[in-house]
Amino acid sequence: MTVVSGAALPAALAEIADDFASASNPMKLDLLLEFSEELPPLPDRYAGQLDKLERVDECQSPLFLTVEVEEGERLEARTVHLFFDAPPEAPTTRGFAGILHEGLDGLSAAQVLAVPDDAPMRFGLAEAVSPLRIRGMVAMLGRIKRQVRMKTAAAA
Amino acid sequence: MSPDSSNTSKIAAYAHPERLVTTDWLAQQIDTGQVGVAGGIALLESDEDVLLYATGHIPRAQKIDWHLDLNDQVSRDYVDGERFAEVMGARGIGRDTTIVVYGDKSNWWAAYALWVFTLFGHEDVRLVDGGRAKWIEEGRELTKEVPTATPTDYPVIERDDAPIRAFKDDVLAHLGMPLVDVRSPGEFTGELLHMPDYPQEGALRGGHIPGAKSVPWARAANEDGTFKSREELEGIYRTEQGLAPGDDIVAYCRIGERSSHTWFVLTQLLGYSSVRNYDGSWTEWGNTVRVPIER
């Protein structure tokens, strides 16, 4: 296992990373599949309206995401919500989205922005799904943080 | 479902009809208990998305993972004879077993697996025309049940690369002879440094190997992922591109998976006798210092 950087993961994401780290390769795939199955569908206000979402080109299958940040005075008090869309025939991409949803949805903007960019490398997934695929998750995280930054910039 | 006779006559017209089966044929073999039993047919699913098999697969199918089972995990190469024997033996496959492979993305990865099996000289390997998508489209059964195979002793065979695999030096020596670039038009011209939607698998230089003909792999496939008829394929490769069945041909793409599809079309469906797949492909050529590039 390669430990990439020192910055800590938020608690929920750290727990997921531990689950993956302690799993064998076949178990990692089962776990990833669970995340792909648990990815919530888009709410009505986005369903069928992918133009309202950002397309993540770095993923091998089409993935769309968007971020909502609740109003508030300070970044620490503004809750982030994440929304993803990926087709069922792309379970790996859905699994990556599921991990980020489970690990980041409901955190404050400050917490999301503090997530280290190399977080996707800490799941020990590279040997199970091929390292190139992991970069899709790195790209998703990058887009999420950029949207949070944009959507909080006006108030800052 | 009635047997699709037009599809069967389509297959009979190919140079090696024994290399391709229909979904109907496969369903019959499964129904009559011929698949996944000792001495029977081994059915393998080979996908780009490594999770797809687990979401549901054709009954009795086992998974083969191009990344973990067929690629060496350290060197950029295929597995050796010992590892291959393990991979096959664990799936209950013997040297004379009939292997049927299918997969996602119009059988790219299934064709890639078939090509790797051919490096080891496994005699009887077939593709399912239309692959996973056609099976699902036809509303056929999927299951999440993973079959257990009785392990066999597959012999340790030394890989024989030379007849169907080209390395960079082979391609340098081949310049001036027929080359087929099966990537998208944008990759061929060098506008794109990667395949659309696959930016992370790029190269430092764009373009193509000098003299290569641009014949995107997908031209060989119908909308439903099945192969085009022999007549249609000859129209593309022979009439339009001027490639003759006896020509010495090298096909390449980005990492050798899409060109496995074209290799299958040229050698198995059209009977071309000398086609090699350059699996180093553009990720090697486009990153190599001082090799000639054309735009």
Side-chain angles (χ1 to χ4, degrees), chain A residues 2 20 23-39 50 54-64 86-99 117-118 120-121 123-143, chain B residues 45-57 62-74 76 87 90 102-106 108-109 112 131-137 142 144-146 148 186 192-203 225 254-258 281 283:
Chain A
T2 322
F20 274 103
S24 63
N25 268 350
M27 281 169 62
K28 279 178 186 155
L29 293 184
D30 288 344
L31 205 51
L32 191 59
L33 187 62
E34 278 174 38
F35 279 105
S36 99
E37 286 165 351
E38 285 162 9
L39 180 68
L50 293 180
E54 179 177 1
R55 185 188 158 112
V56 182
D57 290 317
E58 290 84 349
C59 291
Q60 298 211 326
S61 301
L63 176 106
F64 295 84
E89 62 272 16
T92 298
T93 298
R94 285 183 64 87
F96 292 164
I99 290 173
D117 292 334
D118 66 7
M121 311 295 188
F123 295 85
L125 274 168
E127 67 261 40
V129 300
S130 115
L132 291 169
R133 309 293 175 269
I134 304 298
R135 299 192 202 167
M137 186 159 45
V138 173
M140 284 184 213
L141 178 62
R143 308 278 178 130
Chain B
E45 176 163 333
S46 175
D47 295 320
E48 173 175 69
D49 192 311
V50 294
L51 282 185
L52 210 44
Y53 171 85
T55 66
H57 51 82
Q62 302 184 79
K63 177 180 172 178
I64 184 112
D65 184 328
W66 63 274
H67 166 60
L68 292 176
D69 296 325
L70 301 179
N71 281 355
D72 186 275
Q73 295 303 294
V74 181
R76 185 174 172 188
V87 167
Y102 72 97
D104 63 352
K105 308 245 169 178
S106 302
W108 281 4
W109 303 95
Y112 187 66
R132 182 183 163 93
K134 185 160 195 281
W135 182 273
I136 293 173
E137 179 64 30
L142 291 179
K144 290 189 180 179
E145 195 183 317
V146 177
T148 44
L192 290 176
L193 282 172
H194 54 76
M195 179 177 169
D197 299 340
Y198 291 67
Q200 67 271 51
E201 292 175 10
R254 167 187 58 114
I255 56 168
E257 88 299 1
R258 284 175 287 175
S281 277
T283 51

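We name chains A, B, ... by the order of the sequence lines, and we start the count at 1 in each one. The basis for the numbers below is simple: all heavy atoms, side chains too, and nothing from hydrogens, waters or symmetry mates.
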**Student:** Using 0.5 Å steps for rounding, measure from the CG atom of B:Asp65 to the CG atom of A:Leu29.
**Tutor:** 7.5 Å
**Student:** Quick one: are B:Thr55 and A:Arg94 in side-chain contact, heavy atoms under 4.5 Å?
**Tutor:**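 B:Thr55 vs A:Arg94: side chains apart.
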**Student:** Within a 6.0 Å radius of atom CD on B:Glu145, are there more than 12 heavy atoms belonging to other residues, nucleotides or ligands?
**Tutor:**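 Counting neighbours around CD of B:Glu145, 12 or fewer heavy atoms of other residues, nucleotides or ligands fall under 6.0 Å, so no.
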**Student:** Calculate, to the nearest 0.5 Å, the distance between atoms CG and OG1 belonging to B:Asp47 and A:Thr92 respectively.
**Tutor:**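 It is 9.5 Å, given to the nearest 0.5 Å.
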**Student:** Below 4.5 Å from any heavy atom of chain A, which atoms of B:Leu52 appear? Answer side chain, backbone, both or neither.
**Tutor:**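 Contact with chain A: backbone and side chain both.
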**Student:** Looking at CD of A:Glu89 and NZ of B:Lys105, how far apart are the two atoms once the value is rounded to the nearest 0.5 Å?
**Tutor:**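 Separation between the atoms: 9.5 Å.
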**Student:** When rounded to the nearest 0.5 angstrom, what distance separates CG in B:Leu51 from CG in A:Leu32?
**Tutor:** 4.5 Å
**Student:** Are more than 12 heavy atoms, taken from residues, nucleotides or ligands other than B:Glu137, located less than 6.0 Å from that residue's CD atom?
**Tutor:**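 Counting neighbours around CD of B:Glu137, 12 or fewer heavy atoms of other residues, nucleotides or ligands fall under 6.0 Å, so no.
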**Student:** Just do the side chain to side chain contact (heavy atoms under 4.5 Å, CB included) check on B:Lys144 and A:Leu33 with the steps written out, would you?
**Tutor:** CA-CA 12 Å; B:Lys144 290 189 180 179; A:Leu33 187 62; 5.8 Å; no
